[in-house]
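So you know, we letter chains A, B, ... as the sequences are listed, proteins then strands, and number each from 1.
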Amino acid sequence: AQKVTQAQTEISVVEKEDVTLDCVYETRDTTYYLFWYKQPPSGELVFLIRRNSFDEQNEISGRYSWNFQKSTSSFNFTITASQVVDSAVYFCALSEARTGNQFYFGTGTSLTVIP
Amino acid sequence: DAMVIQNPRYQVTQFGKPVTLSCSQTLNHNVMYWYQQKSSQAPKLLFHYYDKDFNNEADTPDNFQSRRPNTSFCFLDIRSPGLGDAAMYLCATSDGRTTYNEQFFGPGTRLTVL
């Protein structure tokens with residue numbers, strides 16, 4: 001069974017629009033960690049954020065914000081006032097305390113920001 | 001800056017000709033990973049080292065081997081590359097002594113098999 005689901009395969013927005021990338025996860029662990037990574041065309045996976053299961057506070061970092069809701073097992077990522085440089089593939093990932101080093105990646109969402 | 005380095009960035013090999021990809025890190029992390037990523041797919045874990053302990057994923061083909069001679073270096077050996085092995089290979093590290101296992105990725109090596 002897929003532990004991390006990113007239902008949006010591809011999204012296109014016009015520059016300056018806001019966009020939300022969805023992530024739904026599945027775990028039986030009470031202690032787990034959620035991550036978002038950005039993969040630009042160059043290929044390197046760039047870490048964006050980590051959230052642990054005990055911290056449901058939403059976080060804002062510049063134009064990026066994350067909405068973690070345990071009730072719906074979701075960890076959504078919003079980019080405000082999108083820019084062309086935001087064009088990339090974004091991966092959501094889950095790490096469970098039980099399995100330690102195993103990362104479960106979603107299938108990724110390809111975001112294209114049109115100038 | 002502390003980082004994960006992969007060499008080469010692009011590798012071309014012939015069908016059946018062994019190839020070695022290298023990864024080094026200056027983060028002093030004790031866990032190192034190798035992922036395979038094919039076009040438009042998520043990274044797929046091949047194996048990882050926790051210190052010197054090698055952990056192979058159940059579905060990783062025998063054609064893929066790894067070596068970790070010291071904390072800083074890790075190698076991926078593909079003994080007889082097939083056309084289906086053409087992919088981006090990503091190396092990552094994490095500090096297994098923390099609880100959250102955030103992984104730091106290198107820039108990847110794109111392998112082409114002719």
Side-chain angles (χ1 to χ4, degrees), chain A residues 2-11 21 23-25 27 29-55 59 68 75 88-112, chain B residues 1-6 8-11 21 23 27 29-51 53-60 87-112:
Chain A
Q2 187 75 17
K3 282 187 174 283
V4 179
T5 301
Q6 293 180 256
Q8 304 149 309
T9 306
E10 295 182 0
I11 300 177
L21 310 182
C23 174
V24 175
Y25 62 92
T27 180
D29 277 23
T30 55
T31 302
Y32 55 89
Y33 306 91
L34 296 163
F35 305 83
W36 275 97
Y37 284 84
K38 174 182 180 180
Q39 188 174 40
S42 60
E44 182 174 354
L45 276 159
V46 178
F47 166 77
L48 296 178
I49 191 172
R50 175 190 72 246
R51 247 322 173 236
N52 73 55
S53 51
F54 299 109
D55 183 1
E59 182 159 338
F68 177 30
F75 185 45
V89 180
Y90 291 85
F91 289 97
C92 181
L94 165 73
S95 172
E96 299 168 320
R98 177 176 53 88
T99 52
N101 302 294
Q102 176 77 49
F103 252 43
Y104 300 97
F105 280 96
T107 50
T109 297
S110 178
L111 174 66
T112 301
Chain B
D1 287 343
M3 58 178 62
V4 181
I5 303 162
Q6 290 188 245
R9 294 292 309 277
Y10 300 90
Q11 177 73 56
L21 310 182
C23 177
L27 296 160
H29 284 168
N30 63 328
V31 190
M32 294 187 76
Y33 310 78
W34 279 105
Y35 288 87
Q36 178 193 65
Q37 186 180 25
K38 296 189 176 180
S39 182
S40 302
Q41 295 183 19
K44 178 181 180 299
L45 182 64
L46 296 174
F47 25 61
H48 74 275
Y49 276 93
Y50 193 106
D51 294 319
D53 293 333
F54 178 69
N55 298 272
N56 197 31
E57 293 301 299
D59 58 353
T60 298
M88 174 76 89
Y89 289 88
L90 295 165
C91 175
T93 73
S94 70
D95 186 349
R97 294 155 292 198
T98 64
T99 55
Y100 37 80
N101 297 315
E102 172 184 321
Q103 293 188 16
F104 295 85
F105 286 82
T109 294
R110 187 169 296 281
L111 178 68
T112 300

* Asked: Which bit of B:Gln37 is near chain A, if near means a heavy-atom gap under 4.5 Å: side chain, backbone, both or neither?
  -> side chain
* Checking A:Tyr37 against chain B: side chain, backbone, both or neither under 4.5 Å from a heavy atom? -> side chain
* Note: B:Lys44-B:Glu57 ion pair, threshold 4.0 Å (strictly below) -> no
* Asked: Looking at B:Leu21 and B:Trp34, what are the two nearest heavy atoms and their distance?
  -> O-CZ2, 3.8 Å
* Interface moiety of A:Gln39 toward chain B, non-hydrogen atoms closer than 4.5 Å -> side chain
* Asked: Do you know which of B:Phe105, B:Phe104, B:Tyr50 makes ring-ring contact (aromatic ring centres under 6.0 Å, His included) with B:His29?
  -> B:Phe104
* Taking the six-membered ring for Trp, is the centroid-to-centroid distance between B:Tyr35 and A:Phe105 below 6.0 Å? -> yes
* **Under 4.5 Å from any heavy atom of chain A - which part of B:Arg9** => side chain
